[in-house]
Amino acid sequence: MPDKIKTDASLLRGLIAGDRAAFETVYRQHNASMVRVASAILRNRASAEEITQETWIAVLRNIGGFEGRSSLAGWIFTILSNKAKTRVKRDGLSVSLDTSTNDDSMDDAFDGRGRWRDMPELWDEMTPDRVVDGRQVLAHVSAAIDQLPPAQRAVLVLRGQQELDAADVCEILGITDSNMRVLLHRARFSLRQSLDRIGR
Amino acid sequence: MLNCRDLAYQADAFLDGELSLWKKLQIRIHMSMCNGCSAFIDQMRSTRTLVKAEAQVADTADTEIDSILAVLHTKNQPGS
């Protein structure tokens, strides 16, 4: 049995039993990502935090009904996404996740013959602990993630950080697989550009 | 012949091991001749690692956890 599934099963038993330590583990694993995904859908940090808290309460109240058809994280993010979308409708918000992929920022990196305009160079050692301009590299990464367009940010968090199955990410965000891949690649490419400015 | 832009667009699929043997070979041949693309793939690999690491450092106060458990407890009280 893969470690991830074993961990899920163990946490699940703890959550059902009302074990605070199990809840704390799951909370620390997902809460910040949940706020980011909800913010991407709602475009409002305060509402995102509120929806995230409501999601945790729903998770704890309904954990006995979790059937394991997706991962525990997939189930939690599905609840979050449904609550956020309901809030968008309830409040008559005109915002929605703009998943268009008509963005040519990647193409700008190349000339007409498909060659790099600015040839990439190997970064000096880029470890999480490295300090650049008084900040750790991870602080730069955090800031860069928060500056991504909402749809790219949501996909990056769900797929690149939470490592949900591609199918679950598409279901949660209501996007196609090809759309998700393009958004994820653009997000990673943007972050690479941002890190490149401090990495040489 | 694969150019740098083609390679950049396939970098994620390459790192995820999702490309066919032929496409992987094309990328490896291009990388062997192009220091820029070789550095780019290395940068994308580092970027992915750093993005994952960033998710592990979220600061969470115990009070946040307590407040959720308190709300849940209140909602479970008879008559609430």
Side-chain angles (χ1 to χ4, degrees), chain A residues 18 20 23-24 27-33 35 49 52-54 56-57 59-61 106-107 109-111 113-116 118-123 125-128 136-142 144-145 156-157 160-163 181-182 184-185 187-196 199, chain B residues 1-19 23 26-27 30-31 33-77 80:
Chain A
R20 188 188 192 285
F23 176 58
E24 192 173 327
Y27 184 91
R28 288 185 194 280
Q29 280 174 352
H30 305 306
N31 188 68
S33 295
V35 173
E49 286 175 356
T52 301
Q53 190 174 54
E54 285 178 19
W56 281 121
I57 291 165
V59 164
L60 289 174
R61 295 186 87 164
M106 265 186 79
D107 281 339
F110 305 94
D111 65 19
R113 296 174 68 182
R115 292 181 304 202
W116 293 101
D118 184 12
M119 189 71 90
E121 290 174 18
L122 282 174
W123 289 335
E125 194 183 357
M126 186 74 92
T127 66
Q136 283 196 324
V137 165
L138 290 186
H140 286 275
V141 175
S142 292
I145 291 174
L156 183 79
V157 167
Q161 293 192 314
Q162 293 289 317
E163 300 183 306
R181 285 171 190 273
V182 172
L184 181 60
H185 191 52
R188 285 173 169 156
F189 190 83
S190 293
L191 291 177
R192 173 260 165 198
Q193 302 279 74
S194 175
L195 285 164
D196 194 41
Chain B
M1 180 84 179
L2 195 77
N3 64 31
C4 301
R5 180 174 48 211
D6 298 334
L7 180 142
Y9 274 95
Q10 295 179 59
D12 253 356
F14 175 73
L15 289 170
D16 285 330
E18 292 175 346
L19 293 180
K23 283 191 172 173
Q26 284 182 304
I27 285 181
H30 181 100
M31 282 167 65
M33 299 182 296
C34 175
N35 289 341
C37 281
S38 187
F40 174 74
I41 289 290
D42 196 64
Q43 291 174 350
M44 288 296 276
R45 193 179 283 118
S46 297
T47 300
R48 291 155 66 111
T49 303
L50 289 167
V51 165
K52 278 185 202 168
E54 194 269 346
Q56 313 298 318
V57 296
D59 198 16
T60 303
D62 284 347
T63 49
E64 293 174 32
I65 294 166
D66 291 335
S67 71
I68 288 167
L69 293 173
V71 171
L72 187 71
H73 182 70
T74 307
K75 288 193 173 177
N76 285 340
Q77 293 293 311
S80 63

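Note that the structure is a prediction, hence the values are computed from the model and not measured. Any value given below was found using the heavy atoms of this structure, including those in side chains, with hydrogens, waters and symmetry copies removed.
Both the backbone and the side chain of Leu191(A) come within less than 4.5 Å of a heavy atom in chain B. With a 4.5 Å cut-off on non-hydrogen atoms, Asp42(B) touches chain A through its side chain but not through its backbone. There is no contact between Ala13(B) and chain A, counting heavy-atom distances below 4.5 Å.
Looking at heavy atoms from C-beta onward, Ile68(B) lies in side-chain contact with Phe23(A) at the 4.5 angstrom threshold. Side chains of Gln56(B) and Leu138(A) form no contact here, defined as non-hydrogen atoms less than 4.5 Å apart. No side-chain heavy atom of Ile41(B) sits less than 4.5 Å from a side-chain heavy atom of His30(B).
Lys23(B) meets the side chain to side chain contact (heavy atoms under 4.5 Å, CB included) test with Gln10(B), Leu19(B), Ser20(B), Gln26(B); sequence neighbours excluded.
Residue with the most contacts toward chain B among Ala144(A), Ala139(A), Gly18(A), Gly160(A): Gly160(A) (heavy-atom pairs, distance under 4.5 Å). When each of Arg181(A), Glu163(A), Arg188(A), Arg113(A) is checked for heavy-atom pairs under 4.5 Å with chain B, Arg188(A) comes out on top. The most heavy-atom pairs under 4.5 Å with chain A, out of Arg5(B), Arg48(B), Met44(B), Lys52(B), come from Arg5(B). When the candidates Gly36(B), Ala53(B), Cys37(B), Ala39(B) are compared by the number of heavy-atom contacts under 4.5 Å with chain A, Gly36(B) comes out ahead.
Gln43(B) places a side-chain N or O within 3.5 Å of a backbone atom of Glu121(A) that can act as its donor or acceptor partner.
Aromatic ring pairs are classed by plane angle as parallel below 30°, tilted from 30° to 60° and perpendicular above 60°; the pair Trp116(A) and Phe189(A) is parallel.
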